[in-house]
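Okay, structure first, notes after.
Since this is a predicted model, take the numbers as computed values, not measurements. Throughout, protein chains are lettered first and strands after them, A, B, ... in sequence-line order, and every chain is numbered starting at 1. Atom set for the values below is all heavy atoms of this structure, side chains included, hydrogens, waters and symmetry mates excluded.
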2 protein chains.
Amino acid sequence: MNGVDPQGTLTQLRALLAQAPLSVDSRLPPERDLCQQLGVSRGELRKALATLEAEGQLWRHVGKGTFIGSRPTESLADLSVTTSRTNPAEVMQTRLLIEPEIARVAALNATAADIAEMRTCMARSRSAATWRQYESWDNRLHRLIAESTRNTLLLAMFDTLNAVRRAVVWGRLRVNRTKPDPGHHSYAEHEEVVAAIADRDMDRAARMMRQHLQTVERKLLNQQQ
Amino acid sequence: MNGVDPQGTLTQLRALLAQAPLSVDSRLPPERDLCQQLGVSRGELRKALATLEAEGQLWRHVGKGTFIGSRPTESLADLSVTTSRTNPAEVMQTRLLIEPEIARVAALNATAADIAEMRTCMARSRSAATWRQYESWDNRLHRLIAESTRNTLLLAMFDTLNAVRRAVVWGRLRVNRTKPDPGHHSYAEHEEVVAAIADRDMDRAARMMRQHLQTVERKLLNQQQ
DNA sequence: ATGCGTACCATTAATTAATTGGTGAATAAT
DNA sequence: ATTATTCACCAATTAATTAATGGTACGCAT
């Protein structure tokens with residue numbers, strides 16, 4: 001039909017994309033509709049689309065459609081997949097990066113009620129009769145710190161990290177002792193973190209949290225031997 | 001029927017679980033089938049099942065079934081829920097906390113190939129003809145930095161954050177200019193981040209990344225006005 | 001030869017139907 | 001009067017079905 005101007009449909013498409021009310025990542029009509037709409041054959045349309053795809057202006061996938069923008073990188077944001085691919089070392093490194101920063105923001109945003117609840121948590125963890133109870137209050141404290149950042153996204157990231165951690169470090173059981181050591185290192189370290197948060201000392205909160213996690217890591221390594 | 005021995009069905013069930021060809025995590029028949037198979041009423045069966053569930057021998061869930069073993073860790077870290085509850089400010093704050101730390105680890109672990117690819121990315125982004133292409137290369141560069149930490153969990157967290165960001169900052173379109181400014185701030189800042197990574201200067205990499213993100217934030221705020 | 005139309009394929013999304021644990025009411029049993 | 005059984009229904013989940021979409025081969029015409 002317009003073999004004399006093989007670039008015609010390509011030009012039409014470019015115009016469509018330029019003037020488009022279609023923003024990025026939006027889907028454009030299926031090929032069968034679009035070729036009728038432009039008055040060209042499907043083959044011709046597909047040639048033009050292939051050119052635009054090669055330029056990176058759009059991307060296509062069978063069953064999904066044709067989309068504006070660049071092909072999204074497949075995110076391994078899936079929890080089960082991540083869990084199976086990571087390892088305790090990665091978990092610890094990630095924790096060591098993120099939780100101190102969380103403590104930093106917590107020092108900025110925690111309310112008096114938050115801090116009071118943290119102290120309650122620590123008292124309960126001190127009087128814990130079993131390791132399970134201790135761990136429960138320990139988890140609660142760490143999450144409380146994340147909550148007091150008043151940042152739901154940050155809290156969600158903390159939860160994700162925590163879920164992966166629990167799934168990965170699952171085989172590590174502490175059954176050797178039935179009662180937590182009253183001189184357990186975490187008691188004093190928790191105190192220091194919470195004190196820094198209460199003092200609104202962001203740097204110190206981050207530093208203390210990092211130190212605490214490093215101690216935990218060291219203990220885990222010793223226990224593993 | 002066997003009211004004289006209310007533990008009868010429980011004993012039967014224990015025997016079934018003990019001799020079971022059913023391994024852990026396997027599903028046992030639905031209640032409606034199982035109660036007929038054991039010759040008891042559904043209510044009686046459910047009492048026995050409740051006991052076993054309390055003991056942690058099995059777990060149940062509506063629509064799924066009854067499974068042997070302990071309940072799998074539930075991850076409430078759902079992406080869509082998070083997206084609906086957060087806002088651009090939270091996204092930016094979280095990004096500002098995490099990405100510099102990622103850059104820090106990248107400075108430690110990036111290979112020469114990684115750094116070469118980062119430079120390719122920057123070159124492509126410089127020669128980008130449209131904002132869409134620029135954004136594509138910008139995203140690619142940031143993810144490349146995350147990849148070069150060689151920490152799959154950290155990469156997954158980055159992807160999660162990125163997915164939320166894209167979903168939240170969705171209305172923000174850059175249509176005012178059709179071509180990226182050759183003096184665009186990001187060019188120089190990207191250079192500095194990559195240079196710090198290439199120099200293995202962890203602190204500088206983190207600092208430069210933080211500075212870059214702050215510039216981006218400032219530009220976004222100006223644009224919003 | 002080239003292009004157009006038709007039909008079909010593999011993959012994905014949307015829709016619908018079955019399945020399943022949880023719960024309350026009516027009824028029978030004791 | 002209390003307890004157990006049966007039935008019906010509910011909310012959540014999964015399985016099955018249908019529709020939609022990009023990719024591709026074949027026949028036909030020009």
Side-chain angles (χ1 to χ4, degrees), chain A residues 1-10 12-13 16-17 22 25-72 74-75 78-80, chain B residues 1-13 16-17 22 25-76 78-81:
Chain A
M1 184 179 287
N2 51 5
V4 292
D5 182 7
Q7 303 299 331
T9 75
L10 187 54
Q12 269 184 294
L13 265 182
L16 188 67
L17 290 189
L22 316 159
D25 282 349
S26 67
R27 210 182 82 180
L28 44 86
E31 294 180 351
R32 290 162 178 82
D33 297 3
L34 194 54
C35 65
Q36 283 198 3
Q37 181 179 328
L38 297 183
V40 297
S41 75
R42 198 176 157 211
E44 185 117 4
L45 172 66
R46 284 181 55 75
K47 276 194 292 185
L49 285 176
T51 304
L52 289 178
E53 186 180 20
E55 289 177 3
Q57 303 262 346
L58 48 83
W59 62 278
R60 305 180 277 178
H61 194 290
V62 190
K64 288 183 176 178
T66 305
F67 299 84
I68 301 180
S70 59
R71 169 176 273 101
E74 65 206 87
S75 85
D78 187 19
L79 215 96
S80 56
Chain B
M1 184 177 287
N2 51 6
V4 292
D5 183 9
Q7 304 299 333
T9 74
L10 186 54
T11 311
Q12 269 185 293
L13 264 182
L16 187 68
L17 291 190
L22 318 158
D25 283 350
S26 68
R27 210 184 82 178
L28 46 87
E31 296 180 353
R32 289 164 177 81
D33 297 3
L34 193 54
C35 64
Q36 283 196 3
Q37 182 179 328
L38 297 183
V40 297
S41 75
R42 197 176 157 212
E44 188 111 6
L45 173 66
R46 281 180 56 74
K47 277 194 293 185
L49 285 176
T51 304
L52 289 177
E53 185 180 21
E55 289 176 4
Q57 303 262 345
L58 49 83
W59 62 278
R60 304 180 279 178
H61 194 291
V62 191
K64 288 184 176 177
T66 305
F67 300 84
I68 302 180
S70 59
R71 183 184 306 277
T73 62
E74 77 223 63
S75 73
L76 282 188
D78 186 19
L79 226 126
S80 57
V81 177

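Taking a 6.0 Å sphere around CD of B:Gln36, one finds it holds 12 or fewer heavy atoms contributed by other residues, nucleotides or ligands.
Rounded to a whole Å, the CZ atom of A:Arg32 is 13 Å from the P atom of C:dC8. Atom pair A:Gln36:CD and C:dT6:C1' shows a separation of 13 Å (rounding to whole Å applied). Taking atom CG on A:Leu45 and atom C1' on C:dC4, their separation rounds to 14 Å, with Å as the unit. C:dT2 atom P lies 14 Å from atom CD of A:Glu44, rounded to whole Å. Between the C1' atom of D:dT13 and the CZ atom of B:Phe67 lies a distance of 10 Å, rounded to the nearest Å. Atom P of nucleotide C:dT20 and atom CG of B:Leu58 are separated by 16 Å, given to the nearest angstrom. When the C1' atom of D:dG23 is taken as reference, atom NZ of A:Lys64 falls 16 Å away, rounded to whole Å. At whole-Å resolution of the value, CG in A:Leu52 and P in D:dG22 are 14 Å apart.
Note on B:Arg60: a side-chain N or O is less than 4.0 Å away from OP1 or OP2 of C:dG22. B:His61 has a side-chain polar atom (N or O) that falls below the 4.0 Å cut-off from OP1 or OP2 of D:dT13. For the pair A:Thr66 and D:dG22, the criterion of a side-chain N or O lying under 4.0 Å from OP1 or OP2 is met. The shortest distance between the side-chain N/O atoms of A:Arg27 and the OP1/OP2 oxygens of D:dT21 is below 4.0 Å.
Looking at which nucleotide of DNA chain D each of B:Gly43 and B:Gly63 is closest to, the 5′-most match is held by B:Gly43.
A donor-acceptor pair is defined here as one N or O able to donate and one able to accept, closer than 3.5 Å; no such pair exists between the side chain of A:Arg42 and the backbone of A:Leu34.
B:Gly65 comes within contact range of the sugar-phosphate backbone alone, with a heavy-atom separation under 4.0 Å but no base atom that close.
At a cut-off of 3.5 angstrom, the base of D:dG23 holds no donor-acceptor pair with the side chain of A:Arg46. At a cut-off of 3.5 angstrom, the base of C:dG22 holds at least one donor-acceptor pair with the side chain of B:Arg42.
For A:Lys47, taking side-chain heavy atoms from C-beta onward, the closest of the listed nucleotides D:dT21, C:dG22, C:dG3 is C:dG3.
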Item to complete: Please lay out, stage by stage, how A:Gln57 and A:Ile68 fare under the test side-chain contact (heavy atoms from CB on, under 4.5 Å).
Response: CA-CA 6 Å; A:Gln57 303 262 346; A:Ile68 301 180; over 6 Å; no
Worksheet item: Can you check side-chain contact (heavy atoms from CB on, under 4.5 Å) on A:Leu16 and A:Leu28, steps first, answer last?
Response: CA-CA 10 Å; A:Leu16 188 67; A:Leu28 44 86; 5.6 Å; no
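For the atom pair CG of B:Leu58 and CD of B:Glu53, the computed distance is 6.5 Å after rounding to the nearest 0.5 Å.
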